[in-house]
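Each ligand, and each atom within it, is numbered from 1 in the order the structure gives.
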Amino acid sequence: MDIVEFSIERIQSLYENTVDYNLSDSGVHPYSLRELLSSAEIEKLLDVELGYGWTNGGVELRQSISKLYENKSTDNVIVTNGSAEANFVLVMGMLNAGDELVVVVPNYLQMWGWAKALGVKVIEVPLREENGWLPDLDELKSAITAKTKMISYCSPNNPTGSVIPTEMLTEIVNLARQYDIYVHADEVYKGSELDGNEGPSIADIYEKGIATNGLSKAMALPGLRVGWLCGPTEVIERAWHCKDYTSITTSAVSEFAANIVVQPEKRNEILARSRTILNENVAMLDNWVKAHHENYSCRLPQAGGMAFVRYNMGINSTDLVHRMREQRSIMLLPGDCYGMDGYIRIGVGAPKSHLEAGLEQLAEFTKGMNN
Ligand SMILES: Cc1ncc(COP(=O)(O)O)c(C=O)c1O
């Protein structure tokens with residue numbers, strides 16, 4: 001199968017663990033198991049039997065996840081290894097060569113890459129900075145044809161941190177309903193909104209809405225590798241059909257922890273921690289951008305652990321990122337990974353001291369470079 005390199009993931013995997021200051025992540029600085037669980041829970045964890053469980057996820061966990069949505073049951077949910085696998089089984093289960101998929105870009109580009117490799121025609125609808133990184137509904141409408149099977153967007157968005165407002169979501173749903181097509185939303189950053197206003201899930205406002213979510217980003221637990229899909233039963237059934245072929249089950253250890261963290265009280269506690277970290281760090285980034293406005297500008301993120309910062313130095317984003325890594329031991333993500341040179345993605349979910357040091361170094365490194 002011909003598939004393009006997933007450069008967002010590859011560049012991070014190659015270098016993020018080799019630097020002193022990793023500012024390339026998009027989530028919130030993770031918990032350790034010790035920080036996350038009480039001693040009684042850790043004691044219980046030691047008794048977890050390391051069996052297989054269910055290929056669509058444990059019943060108890062699916063029940064708890066379904067309660068995060070409105071009027072959903074265990075049949076509306078499949079648990080996966082990270083939201084990456086959720087996206088994967090969705091593409092494999094729902095799309096065929098010759099179908100059309102409308103993808104709002106920039107985004108994580110995983111659905112985009114898989115669909116293309118399968119022979120699906122991918123139609124891009126761009127987010128523009130001057131529109132607050134929100135989609136233009138006329139452009140979205142004109143991207144739809146008789147072959148369109150699904151619209152896919154990511155909100156809160158990777159890499160810009162923009163959040164599609166509820167009124168606009170309603171318009172997207174009305175449009176999709178008119179053409180009877182599925183709408184998929186990658187909502188893995190949902191819950192990390194800086195103002196604490198968590199908007200509705202696509203799964204709750206559209207009968208053909210499918211939500212990807214998981215514990216890696218807003219929930220700051222990427223090492224658990226727990227994600228899920230929530231959507232119509234026929235979609236979940238198709239996704240399960242594929243999941244049996246991929247990883248069989250998620251880990252029993254992760255499911256144990258996931259069962260604890262998706263309970264409303266614990267979830268709220270985790271999300272409050274994420275919001276505190278992000279609000280402090282985004283304020284710091286804002287001050288930094290203002291202080292270095294000759295080189296940088298940024299429409300600040302509304303959610304998520306990343307800011308998409310535009311720069312006006314005459315240097316390619318990948319070159320800049322590699323030079324920062326080699327000479328300053330700081331890892332950023334180049335806009336090139338999204339086909340958007342002239343931007344860098346800066347992780348604002350990193351520990352404050354790391355962000356502070358990274359920004360200081362970046363300013364010093366690029367001083368005087370502006371065109
Ligand atoms: C929008 C989005 N979806 C999915 C993923 C995959 O994350 P995970 O598999 O850890 O849940 C990422 C990772 O960066 C992401 O940004």
Q: Do ligand 1 and R225 have nitrogen or oxygen atoms that lie under 3.5 Å from each other?
A: yes

Q: Where's the contact between K217 and ligand 1, heavy-atom distance under 4.0 Å: side chain, backbone, both or neither?
A: side chain

Q: Can a non-hydrogen atom of C154 be found less than 4.0 Å from any atom of ligand 1?
A: yes

Q: Do F6 and Y108 make the cut of ring centroids closer than 6.0 angstrom?
A: yes

Q: Please determine which of Y338, Y343, Y153 meets the ring pair (Phe, Tyr, Trp, His ring centres under 6.0 Å) test together with W133.
A: Y343

Q: Which of these, L224, D186, L215, has its nearest heavy atom closest to atom 1 (C) of ligand 1?
A: D186

Q: With atoms numbered from 1 as shown, which atoms in ligand 1 lie under 4.0 angstrom from a non-hydrogen atom of S216?
A: 8 (P), 10 (O), 11 (O)

Q: Among P222, G27, S83, which one has a heavy atom closest to atom 8 (P) of ligand 1?
A: S83

Q: Enter the distance from R325:CZ to N22:CG here, rounded to the nearest 0.5 Å.
A: 12.0 Å

Q: So for ligand 1, is A84 a polar contact partner (N or O within less than 3.5 Å, distance only)?
A: yes

Q: According to a 4.5 Å side-chain heavy-atom criterion applied to Ile, Leu, Val, Met, Phe, Trp and Tyr, with indirect links allowed, do L285 and V321 form part of one hydrophobic cluster?
A: yes

Q: Treating N312 as the side-chain partner and E294 as the backbone partner, does any N or O pair qualify as donor plus acceptor under 3.5 Å?
A: yes

Q: If you compare all heavy atoms of K243 against all heavy atoms of I248, which two are closest, and at what distance to 0.1 Å?
A: NZ-O, 3.0 Å

Q: Is any side-chain heavy atom of M284 closer than 4.5 Å to one of N281?
A: yes

Q: I'd like to check which ligand 1 atoms, numbered from 1 as shown, lie under 4.0 Å from a non-hydrogen atom of S26.
A: 14 (O)

Q: So is G214 touching ligand 1 or not, going by heavy atoms under 4.0 Å?
A: no

Q: May I ask you to check whether N81 has an N/O atom sitting below 3.5 Å from an N/O atom of ligand 1?
A: no

Q: Would you mind running through ligand 1 and noting each atom that sits below 4.0 Å from a heavy atom of G82?
A: 9 (O), 11 (O)

Q: Ignoring hydrogens and angles, tell me if any N or O in the side chain of D341 forms a donor-acceptor pair with the backbone of S317 under 3.5 Å.
A: yes

Q: Can you tell if the side chain of V102 reaches within under 4.5 Å of the side chain of V125, non-hydrogen atoms only?
A: yes

Q: Can you tell me which residue and heavy atom of the protein come closest to atom 5 (C) of ligand 1, and the distance to 0.1 Å?
A: Y108 CE2, 3.3 Å

Q: If you measure every N or O of Y189 against every N or O of ligand 1, does any of those distances drop under 3.5 Å?
A: yes

